[in-house]
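First the structure, in the form of C-alpha cells, and then the observations on it.
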There are 2 protein chains.
Amino acid sequence: MTERPTGLREQKKEATRKALREAALRLAIEREPDNVRVDDIAQAAGVSPRTYNNYFPSREHAIVAAVTADRESRVAAAVRARPDARLADAVADAIVDAYTDPGEHGREALLLITTHPALRQTYAETTSSALEGPLATALAERVHADPQTARVLAASVAAAVRIAIEEWARPSGALVVPSGPLPDLLRAALAPLAPALDAVESRATGD
Amino acid sequence: MTERPTGLREQKKEATRKALREAALRLAIEREPDNVRVDDIAQAAGVSPRTYNNYFPSREHAIVAAVTADRESRVAAAVRARPDARLADAVADAIVDAYTDPGEHGREALLLITTHPALRQTYAETTSSALEGPLATALAERVHADPQTARVLAASVAAAVRIAIEEWARPSGALVVPSGPLPDLLRAALAPLAPALDAVESRATGD
DNA sequence: CAGAAACCTTGCGTGCACGCAAGTTTGCGT
DNA sequence: ACGCAAACTTGCGTGCACGCAAGGTTTCTG
C-alpha cells in the first residue's frame, strides 16, 4: 500500500522530495523565510529550479511539507482502526493524536510557520485539503452512507481543523486570550460536528 | 450599511470594479478564457494592468465576480430574516434561493465557468470562502453560542456548498449520473449537517 | 479657499508558476 | 544484452501577482 511500486526511480524521487523539503526548512530557519528564493532551495537540494515545481506547487509548500509529512493519511487510518468506538470520538482522538507533538524538528519549524503569515495560510490550507480526501474515504467505509454524505462530513471536519489551527496560530496581539493549547482547540472545534457524526452513524447502524 | 461611506471616490471605484468584471466576462465569452490576458481586460476597462490587481487578486476572480455579485451576503441576510424557522431550514432555503437561477447573463457565464477547470475551481473556492465569514456572523447572532462554534458551522455549510457546486459543475463524462439540478444537490449536501445545526439551536434555546 | 492629508493609479522591477520541447535516465520485454 | 518506451530533468519563454515609490485626484480642515 505504502510500498514503492517499482523500485529505484521511486527511491530517487522520494530522496529528491525529502532533500527539497529539508533544504527548504533548513534555509527558512537560518535566514528568514522571505530571504529564501526557490532557486536557493533547488540549488541546496541539487536540482534545477524548474524541477522544484515538479515536486511542490509553491514556494511555501516545501517548507510546510517538512512538518506535515503524512499526518493526514494517518488520521484516516486511525479512524478505520477503531470501528467500535463512537464515530465522533474516533475522529476527534485520531486528529488530536496526529496533531499533538509533531516531533523533534517540528517544534522550531512550527514556530516559524506560526510567525509567518504566508506559511500559516499554506499550513492550514494544505492540512485541511489533504485531510479531506482520505478522511472521506475512511468515513464512507465506516458508515454505510452515500459517498456524498461522507465527503461533506469529512470536509466539515477538515474545516474545523483548519479553524482550530488558524486560531492556534493566530498572532494573538496579547489582548485576546491565548486560546489554549492545540488539542483543546481541536476538540472544541470538532464538538459542534458531533451531532452530525452521531446521526450518520446511527442512521447507518439502524438502516 | 451597504451605502457609500463618502461619495464619488467610492463611485469611481465601484464603476471601475464593475467595468473590470464585465469586460472580463465579455472577453472570456467571445474568445476562450485562455485567450484573455489580464492586459486585455485592463485595456478594455480603461485602466492599467497594474490597477487590475488592485481590484482582483487573480485573473479568474474578475470573471467569477461578474456572476457571483453579492450572493454570499444575501445568504447571511436571509438567515437573519427568519429567526423563527428551524435553523437548518433557514440556512438551506437561503442558500438554495441565492444559488437558483443566477440571472440573465448568468446562464451563459455559468456554462463557461462549468466548462473551464480553472474557473470552476475559483468559482467554488470564492463562493465557499466568501460565504463563510458573513454566515458565521449571522449564525453567531442567531444562536447564542460562542463565535468559534458559529464559525465551525458556517465553515461546514460553506464546505457543503462547495462540494455541491463541484459536483454540479463536474465534467460528468456521461458515464456517471448527471447528479441532478443544483438545488437538489445543495439540499442533499446540506442534509448531513442538519443535526449539528439543530443541536446548537436547541442548546442555545434551552440555555 | 488654500494647504494638507488621504487615497488611487501607474510604471517598474522581481520572483514565481507552469506549458513546452528537447535531452537524459530508468525499466522492461524479448 | 540490447534497444525501445516511459518517466524524469532541465532550459526557455510567457503570463501573472505584487511591493515600491512617484505623481495625480479627491477629501478634509482650518
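Just so it is clear, the model here is predicted, and its values are computed rather than measured. Residue numbers begin at 1 in each chain, while the letters A, B, ... track the order of the sequences.
- Here A:Arg37 lies in heavy-atom contact (under 4.0 Å) with sugar-phosphate atoms only.
- Between B:Arg162 and A:Ala155, the closest heavy-atom pair is NH2-CB, 3.9 Å.
- One cannot find a donor-acceptor pair under 3.5 Å joining the base of D:dG13 and the side-chain atoms of A:Arg50.
- Distances shorter than 4.0 Å separate some side-chain N or O of A:Ser48 from OP1 or OP2 on D:dT10.
- Here D:dT9 is the nucleotide among C:dT9, D:dT9, C:dC18 with the atom lying nearest to any side-chain atom of A:Tyr55.
- Proximity of a side-chain donor or acceptor of A:Glu201 to a complementary backbone N or O of A:Leu87 within less than 3.5 Å is detected.
- Side-chain N/O atoms of A:Tyr52 include none lying less than 4.0 angstrom from OP1 or OP2 on C:dA17.
- For A:Arg9 and C:dT26, a side-chain-to-base donor-acceptor distance below 3.5 Å is present, hydrogens and geometry of angles not being considered.
- The residue from B:Asp93, B:Asp89, B:Asp97 that alone fulfils the salt bridge (charged side-chain N to carboxylate O under 4.0 Å, His left out) condition with B:Arg82 is B:Asp93.
- The nearest whole Å value for the distance from the CD atom in B:Glu60 to the C1' atom in D:dC16 is 10 Å.
- Taking the side chain of B:Val38 as heavy atoms from C-beta on, and the options D:dC18, D:dC16, C:dT9, the nearest nucleotide is D:dC16.
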query: Please walk me through it: do A:Glu14 and A:Lys18 pass salt bridge (charged side-chain N to carboxylate O under 4.0 Å, His left out)?
result: CA-CA 6 Å; A:Glu14 201 44 52; A:Lys18 187 178 177 183; over 6 Å; no
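- Of the candidates C:dT25, D:dT9, D:dT26, the closest approach to any side-chain atom of B:Lys12 belongs to D:dT26.
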